[in-house]
Number of protein chains: 2
Amino acid sequence: MIYMIKAAAEKTRLSVDTLRFYDKEGLLPFVSRNQSGYRAFTDGDLRLLKTITCLKNTGMKISEIRRYIAYVMQGPSSVPQRQAMLLAHREAILAEQQRVLANLKEIDLKLSVYSSPEAVQMITLERAYAKAEKVANGLPDPY
Amino acid sequence: MIYMIKAAAEKTRLSVDTLRFYDKEGLLPFVSRNQSGYRAFTDGDLRLLKTITCLKNTGMKISEIRRYIAYVMQGPSSVPQRQAMLLAHREAILAEQQRVLANLKEIDLKLSVYSSPEAVQMITLERAYAKAEKVANGLPDPY
DNA sequence: GGTTGCCCTGGAGTTAGGTCGAGGGTTTAT
DNA sequence: ATAAACCCTCGACCTAACTCCAGGGCAACC
């Protein structure tokens with residue numbers, strides 16, 4: 001099956017503009033043009049595009065994705081390099097997940113304060129303390 | 001304890017420029033100025049800044065953080081709104097984590113292909129197929 | 001053969017989140 | 001009383017990743 005850019009955009013859920021942008025950025029060297037100079041996406045191309053969106057969705061930068069795709073274009077000889085890239089990216093993703101989770105815990109802590117029955121009381125107290133801290137240092141009270 | 005902007009930057013691990021930028025964006029209405037017009041951060045201010053970085057680290061936009069901080073400035077009466085915001089943000093974080101995890105699974109699938117002993121063989125085959133798909137449709141072979 | 005609906009390129013514009021520099025005031029130590 | 005090390009504002013600049021537009025080509029239908 002061959003897809004023109006609009007159909008490819010619908011299949012990948014990317015916008016037509018984004019697809020052209022990706023091509024301009026060197027992410028789609030595998031997409032051929034037909035006699036009219038139109039991009040002609042094959043099913044294989046769409047599979048590769050799915051890989052690209054996976055990498056993008058997990059935070060890989062376009063410049064890195066371009067490097068990965070360059071390895072793909074190079075053929076089977078670049079398997080070790082691709083593997084190394086994906087492994088490194090995998091670690092980066094997991095590290096980021098951990099970082100987010102740590103921050104989420106802090107948020108959950110705040111949430112537990114807010115849902116406590118003494119929430120208003122505690123916050124009133126904290127506020128008074130913050131106010132005092134300013135006053136004690138001759139600072140204007142912003143509250 | 002009072003911290004000038006440089007010390008506050010070191011404590012929060014944000015840059016001085018970023019702190020000033022946040023102030024400009026209305027994220028730090030609680031930070032007072034001393035007689036010289038210098039920002040004077042209290043320990044309480046730094047604790048609030050930590051909350052801000054938590055929200056930022058988990059992907060909350062500055063405009064939303066500003067909204068949250070506005071609620072904080074409003075005092076204890078806004079506890080329900082703050083709680084609602086954090087709960088919604090919590091859900092957004094979890095959803096994003098899930099999205100990333102789903103994409104990670106795809107990457108792991110690719111990795112498993114690459115680490116198979118038949119990797120080169122499989123990729124060679126896939127490549128030949130992709131090539132054939134182009135040729136069969138009268139397209140130039142980009143490989 | 002004209003209208004419609006695709007497609008193309010090049011380049012400008014946008015948004016978020018900073019980052020930097022010029023020009024100038026303050027504080028502290030020598 | 002001057003140098004060093006801070007601090008301030010304002011506004012320009014930057015990067016990533018799009019997004020939009022003008023000007024123009026191709027293809028199908030009425």
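Throughout, protein chains are lettered first and strands after them, A, B, ... in sequence-line order, and every chain is numbered starting at 1.
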Does OP1 or OP2 of [N] have a side-chain N or O of [X] closer than 4.0 Å?
X        : N       : value
Arg20(B) : dC8(D)  : yes
Arg33(A) : dT9(C)  : yes
Ser15(B) : dT19(C) : yes
Arg39(A) : dC7(C)  : no
Tyr22(A) : dC18(D) : yes

Legend entry - Tyr3(A)/Asp45(A) under side-chain hydrogen bond (donor to acceptor under 3.5 Å, both in side chains): CA gap, chis, key distance, verdict: CA-CA 10 Å; Tyr3(A) 308 88; Asp45(A) 292 347; over 6 Å; no

Rounded interatomic separation in angstrom, taking [atom1] from [X] and [atom2] from [N]:
X        : N       : atom1 : atom2 : value
Ile2(B)  : dT27(C) : CD1   : P     : 15 Å
Asp17(B) : dC13(D) : CG    : P     : 16 Å
Leu55(A) : dA17(D) : CG    : C1'   : 16 Å
Phe41(B) : dC7(D)  : CZ    : C1'   : 12 Å
Tyr38(A) : dG25(D) : OH    : C1'   : 6 Å
Phe21(B) : dC13(D) : CZ    : P     : 18 Å
Leu14(A) : dC18(D) : CG    : C1'   : 11 Å
Asn57(B) : dG17(C) : CG    : C1'   : 13 Å

Legend entry - Proximal nucleotide (of dC7(D), dG18(C), dC10(D)) relative to the Met4(B) side chain: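 For the Met4(B) side chain, the nearest candidate turns out to be dC7(D).
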
Legend entry - Per Lys24(A) side chain, nearest of listed nucleotides dG11(C), dC20(C), dC7(C):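 Between dG11(C), dC20(C), dC7(C), the one nearest the side chain of Lys24(A) would be dG11(C).
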
Legend entry - Lys/Arg N to Asp/Glu carboxylate O, Lys134(A) vs Asp141(A), below 4.0 Å: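 No, no charged N to carboxylate O under 4.0 Å.
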
Legend entry - Upstream residue (5' side of DNA chain D) when Lys6(B) and Gln35(A) are each assigned their closest nucleotide: Lys6(B)

Legend entry - Along DNA chain D (nearest heavy atom to each residue), the more 5'-positioned of Thr18(A) and Ser36(A):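 Going by which nucleotide is closer to the 5' end, it is Thr18(A).
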
Legend entry - Of Ile62(B) and Asn34(B), the one whose closest DNA chain C nucleotide lies more 5':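 Its nearest nucleotide lies further toward 5', so the answer is Ile62(B).
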
Legend entry - Hydrophobic cluster membership, Met73(A) vs Leu19(A), 4.5 Å side-chain cutoff: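 Both belong to a single hydrophobic cluster.
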
Inset, instruction - Check whether Val79(A) and Leu87(A) end up in the same hydrophobic cluster, where Ile, Leu, Val, Met, Phe, Trp and Tyr are linked by side-chain heavy atoms less than 4.5 Å apart. - result: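 Val79(A) clusters together with Leu87(A).
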
Inset, instruction - Using the side-chain contact (heavy atoms from CB on, under 4.5 Å) rule, pick out the option among Ser78(A), Pro80(A), Ser77(A) that qualifies with Tyr71(A). - result: Ser78(A)

Inset, instruction - State, to the nearest 10°, the angle formed by the axis through the first five base pairs of the helix from dG1(C)-dC30(D) to dT30(C)-dA1(D) and the axis through its last five. - result: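 That helix has its two terminal axes inclined by roughly 10°.
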
Inset, instruction - Apply side chain to side chain contact (heavy atoms under 4.5 Å, CB included) to Leu14(B) and Lys56(B), showing your working. - result: CA-CA 12 Å; Leu14(B) 295 170; Lys56(B) 187 199 57 133; 4.1 Å; yes

Legend entry - Gap separating the OG1 atom of Thr51(A) from the CD atom of Glu106(B), nearest 0.5 angstrom: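 That separation rounds to 7.5 Å.
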
Inset, instruction - Run through the side-chain heavy atoms of Ile, Leu, Val, Met, Phe, Trp and Tyr, join any pair under 4.5 Å, and report what else lands in Leu139(A)'s cluster. - result: Ile2(B), Met4(B), Tyr38(B)

